Asker: 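Just dropping this structure here.
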Amino acid sequence: IEHQTVVGVDSLNQPIYDWDTFGTVWGEVDPLKGREYIASKQAQAELTHRITIRYIPGIKPTMRIKWGERIFEIDGPPINPYESNYEIQLMCKEKVS
C-alpha cells in the first residue's frame with residue numbers, strides 16, 4: 001500500500017510528490033469487470049478489482065496498491081464488513097494502456 005508524500009519543492013516553490021510505502025500486507029485480488037473506452041483520442045482499458053486485506057487503520061481513497069508491476073487506484077472508502085475490524089475490502093481500478 002502506498003501513499004503520496006512531499007519529497008521537496010521545485011524552482012517555483014511548488015511541492016514535488018512521490019509515492020512512499022504505507023504498509024506491506026498479504027491480500028487477495030479478485031477481478032470483477034473490465035471495459036474499454038476512448039480518452040484523448042487513444043483507446044484505454046480499465047479493470048475493476050476487489051482487493052481484500054487484513055484490517056489496517058488509516059487506509060484512505062487517496063492511496064494506491066502496488067502489486068508487482070501493477071498499480072491499483074483505490075476507488076472509494078475502504079469497506080469494513082460487519083464493522084468487525086478483521087478485514088478491509090478495497091474497490092480498485094487498474095488502468096491498462
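All figures in this text were calculated on a predicted structure; none of them were measured in a lab.
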Asker: Of the non-hydrogen atoms in Met63 and Gly58, which two are nearest, and what is the gap between them?
Answerer: CE-O, 3.3 Å
Asker: Which is it for Ile74 and Cys92 under the side chain to side chain contact (heavy atoms under 4.5 Å, CB included) test, yes or no, and what are the steps along the way?
Answerer: CA-CA 4 Å; Ile74 299 175; Cys92 299; 4.2 Å; yes
Asker: Can you tell me how far the CG atom of Leu32 sits from the CG atom of Asp30, to the nearest 0.5 Å?
Answerer: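 If I round to the nearest 0.5 Å, the distance is 7.0 Å.
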Asker: Does Asn80 reach the main-chain N or O of Asn85 with its side chain, forming a donor-acceptor pair under 3.5 Å?
Answerer: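 Confirmed, Asn80 side chain pairs with Asn85 backbone.
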Asker: Would a single hydrophobic cluster contain both Ile51 and Ile71, if residues Ile, Leu, Val, Met, Phe, Trp and Tyr are joined by side-chain heavy-atom contacts under 4.5 Å?
Answerer: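 Hydrophobic grouping puts Ile71 apart from Ile51.
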Asker: Pro81 and Glu87: which non-hydrogen atoms are nearest, and at how many Å?
Answerer: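 Taking every non-hydrogen atom into account, CD-O, 3.4 Å.
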Asker: Which heavy atom of Ile59 sits nearest to which heavy atom of Pro78, and what is that distance?
Answerer: O-CG, 3.4 Å
Asker: Might you point out which heavy atoms bring Ile1 and Ile56 nearest each other, and give the distance in Å?
Answerer: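 Taking every non-hydrogen atom into account, CD1-CD1, 4.4 Å.
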Asker: Can you tell me how far CE of Met91 sits from CZ of Phe72, rounded to the nearest 0.5 angstrom?
Answerer: 12.0 Å
Asker: For Val7 and Tyr17, which heavy atoms make the closest approach, and how far apart are they?
Answerer: CG2-C, 4.5 Å
Asker: Which pair of heavy atoms, one from His49 and one from Val29, lies closest together, and at what distance?
Answerer: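 Result for this residue pair: CD2-CG1, 3.6 Å.
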Asker: About how many Å separate CG of Asp20 and CD of Gln4, when rounded to the nearest 0.5 Å?
Answerer: 11.0 Å
Asker: Quick check for you: to the nearest 0.5 Å, what is the distance between Arg64 atom CZ and Trp19 atom CH2?
Answerer: 5.0 Å
Asker: Looking at Glu73 and Lys93, is any side-chain nitrogen of the basic one under 4.0 Å from a carboxylate oxygen of the acidic one?
Answerer: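 Looking at Glu73 together with Lys93, the answer is no, because their closest N to O distance does not fall below 4.0 Å.
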Asker: Which value, rounded to the nearest 0.5 Å, describes the distance between Ile65 atom CD1 and Glu2 atom CD?
Answerer: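 If we round to the nearest 0.5 Å, Ile65:CD1 and Glu2:CD are 8.5 Å apart.
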